[in-house]
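Contents: one structure, followed by commentary.
Values reported hereafter were calculated over all heavy atoms of this structure, with side chains retained and with hydrogens, waters and symmetry mates removed. By convention in this document, chain letters (A, B, ...) are assigned in the order of the sequence lines, proteins followed by strands, and residues within each chain are numbered from 1.
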There are 2 protein chains.
Amino acid sequence: MPKGSPKVAVDIVIFTIDEGKLKVILIRMEKKPFTGKWAFPGGLVGFKESLDEAARRDLYEKTGVKNVYLEQLYTFGDVRRDPFSRVVSVAYVALVNKNRIKKLTTTAKYTGIDWFNMAKLPRLAYDHNKVAKYALERLRLKLEYTNIVFSLLPRYFTLAHLQEIYEIILGKKLDKRNFLKKINSLNLLKKTRKLEKGAHRPARLYEFRTRKPRIIEIL
Amino acid sequence: MPKGSPKVAVDIVIFTIDEGKLKVILIRMEKKPFTGKWAFPGGLVGFKESLDEAARRDLYEKTGVKNVYLEQLYTFGDVRRDPFSRVVSVAYVALVNKNRIKKLTTTAKYTGIDWFNMAKLPRLAYDHNKVAKYALERLRLKLEYTNIVFSLLPRYFTLAHLQEIYEIILGKKLDKRNFLKKINSLNLLKKTRKLEKGAHRPARLYEFRTRKPRIIEIL
DNA sequence: TCAAAAGTGTTGCAAATACACCCATGT
DNA sequence: ACATGGGTGTATTTGCAACACTTTTGA
């Protein structure tokens, strides 16, 4: 029977694309029994803030960015997930463009904060490896039927760049022509007149028609 | 900044099919300002029970059934969703076969409990109309790519009955032949030798190969 | 002129849809 | 015999996957 109430926290899986990898932010824990272990950033939810607000606040504190794509993932509530106190954690997924983040900062309770390659995560504190798994699954699914990928891109980008992000996240190669066909059929992009100069033939730059999250109509 | 912690509750949207309608259980609230208003059943999460356990416990208290399909839906955490105290609510969806439920019981705090037609819900307490919307969306989606419909059916059933449930939930008519083709291709059902006697040509009874939830392979 | 990435269409296959008649039974 | 729901197959369309060569530029 209920007695006392669990605490409520948020944890955020902050994805970005960097150096051709899908990366996430982790913080290093100080307190036992997770000393030295890494975990997703997060913290307790304040009495006067909604879950979304708590997540945005924490995201801002750690990365200094606002106006980020943020979505609730799942709520983890096993009794022993935190060995010290009963904490129910509402996990969020955020997508940010790496360029927008100047510096990662953390609070005194933690001894480090850094980007990690999602494909090679260490063993994390709490149940955060499970959180990671859910988050990646969700990201992959949503990539297919929403336009959220815009959050990971600068304003102007080439088709190759866009495709590369899909390939990194989905973990497989895509066919250039089929990819273009799909993207075109969704009507998300606007051709610009700009070109990206490089060592070789210049690539046309595109931008999103709109940079608000939306579900892509399936018909 | 955080001060104090929100309480944690679960709310359960308990779906069933009855009289050709999709129905849910609602309870009538006594305390102000929701006196007389209906809401989904639920309650605070105990210190020593997981979220899933809390949901199952409440489901059992209200309906007397165990071993029910139950799935976490979404966590609602707006500051003012409960005007009296700060409560974060983890919503669940449950699917039950109406026949398994003998009697609905509620605690002293509430003045009623009953089944309501999902298509004609009254204005509910809290943010429960939003919960209802999410739940229906989820149910419709999951129906398409899982076998969870078994939870709503008795052990033996006819194809017409199965199709009817899909039609009720999806809110549209399906083609009998195409429906059969789809169901067959998923290989979920076993023909039995039983027949359902009725006023006319007897219908063959089917059963599920397995009554455990599973994702239907898309390929 | 060569190297490197950009850009561009067609074909085949599989899955989804549309569609209508005969069958078995109880009355 | 007839009324009622049960049971069954084909043709078309549509979306997805496979596949290779030409173009443009900088060095």
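- In summary, K62(A) and D58(A) engage in a salt bridge, as defined by a charged side-chain N under 4.0 Å from a carboxylate O.
- With rounding to whole Å, I183(A) atom CD1 is found 17 Å from dA6(C) atom C1'.
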Nucleic acid footprint by protein, nucleotides 19-27 of chain D - heavy-atom cut-off 4.0 Å, B for base, S for sugar-phosphate alone = BB--BBBS-
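- Judged purely by distance below 3.5 Å, without hydrogens or angles, the side chains of R123(B) and N129(B) never pair a donor atom with an acceptor atom.
- In this structure, the CZ atom of R204(B) is 17 Å from the P atom of dC23(C), given to the nearest Å.
- The list of salt bridge (charged side-chain N to carboxylate O under 4.0 Å, His left out) pairs with a residue in residues 166-176 of chain A, not counting sequence neighbours, reads E167(A)-K173(A), D175(A)-R177(A).
- Going from atom CG of L159(B) over to atom P of dC23(C) covers 19 Å, rounded to whole Å.
- More than 12 heavy atoms of other shown residues, nucleotides or ligands fall within 6.0 angstrom of atom CG in N184(B).
- When ring centroids are compared, F40(A) and Y126(A) stay outside the 6.0 Å threshold.
- Regarding L180(A), its CG atom lies at a distance of 15 Å from the C1' atom of dA17(D), rounded to whole Å.
- Between the P atom of dA6(C) and the CZ atom of F157(A) lies a distance of 14 Å, rounded to the nearest Å.
- Atom CG in L162(A) sits about 12 Å away from atom P in dG7(C), given to the nearest Å.
- Ring centroids of Y69(A) and F150(A) are separated by 6.0 Å or more, keeping the two rings apart.
- Atom pair K182(A):NZ and dT14(D):C1' shows a separation of 15 Å (rounding to whole Å applied).
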